[in-house]
Amino acid sequence: MMKTFRFVISTPDGNLYDGDIVNISLRGVEGDLAVMANHTPFVTAVKPGRCHMELEDGSQKEFEVERGLLSVSSEHVTLMSGSAKWV
């Protein structure tokens, strides 16, 4: 079983997602990036586009996001955006 981490997608309308995932991939202002459990902490701006996440059972979910801010800490990852919706 792969390691998971808590991931939150936060918008002004509330959280679109709050749960454990295996990884998240999206487009930051400096290029594409992926985050897995125990990633080095950082904060970066996110470009609009499609994001992919993998759940613990191996399934994939996709969502589209406006510009936003991704915050990675040792305990969890938060994506804050003005708008996010499931694809």
- Qualifying residue, where the test is side chain to side chain contact (heavy atoms under 4.5 Å, CB included) with L70 and the options are V43, V65, L33: L33

- Message: Does anything in residues 71-86 form a salt bridge (charged side-chain N to carboxylate O under 4.0 Å, His left out)? List the pairs, not counting sequence neighbours.
- Response: none

- Item | Nearest-0.5 Å distance, CD1 of residue I21 to CE of residue M53 | 5.5 Å

- Task: Supply the atom-to-atom distance L16 CG to F63 CZ, rounded to the nearest 0.5 angstrom.
- Result: 7.5 Å

- Heavy atoms only: give me the nearest V46-V29 pair and the separation to one decimal. N-CG1, 4.5 Å

- Message: When you measure from the side chain of S81 to the backbone of A84, do you find a donor-acceptor pair of N or O atoms at a distance under 3.5 Å?
- Response: no

- Shared hydrophobic cluster for W86 and I24 (ILVMFWY, side-chain gaps under 4.5 Å): yes

- Who else is in the cluster with M36 when I, L, V, M, F, W and Y are joined by side-chain contacts under 4.5 Å? M2, V22

- Query: Under the ring pair (Phe, Tyr, Trp, His ring centres under 6.0 Å) test, which residues partner H39, sequence neighbours left out?
  - Reply: F42

- Query: Do any pairs count as a side-chain hydrogen bond (donor to acceptor under 3.5 Å, both in side chains) and have a residue in residues 20-30, sequence neighbours left out, and if so which ones?
  - Reply: N23-E54, R27-D32

- Query: Which heavy atom of C51 sits nearest a heavy atom of L26, and at what distance?
  - Reply: SG-CB, 3.6 Å

- Query: salt bridge (charged side-chain N to carboxylate O under 4.0 Å, His left out): which pairs involve residues 6-15, sequence neighbours left out?
  - Reply: R6-D18

- Could I get the full list of side chain to side chain donor-acceptor pair (under 3.5 Å) partners for S59, not counting sequence neighbours? D57

- Minimum heavy-atom distance P41-S73, with the two atoms named: CB-CA, 4.2 Å

- Message: Give me the atom names and distance for the closest heavy-atom approach of T11 to G82.
- Response: CB-O, 4.5 Å

- Note on the structure: Residue pairs passing the ring-ring contact (aromatic ring centres under 6.0 Å, His included) test with at least one member in residues 3-28, sequence neighbours excluded, are none

- E62: side-chain contact (heavy atoms from CB on, under 4.5 Å) partners, not counting sequence neighbours: R50, H52, V87

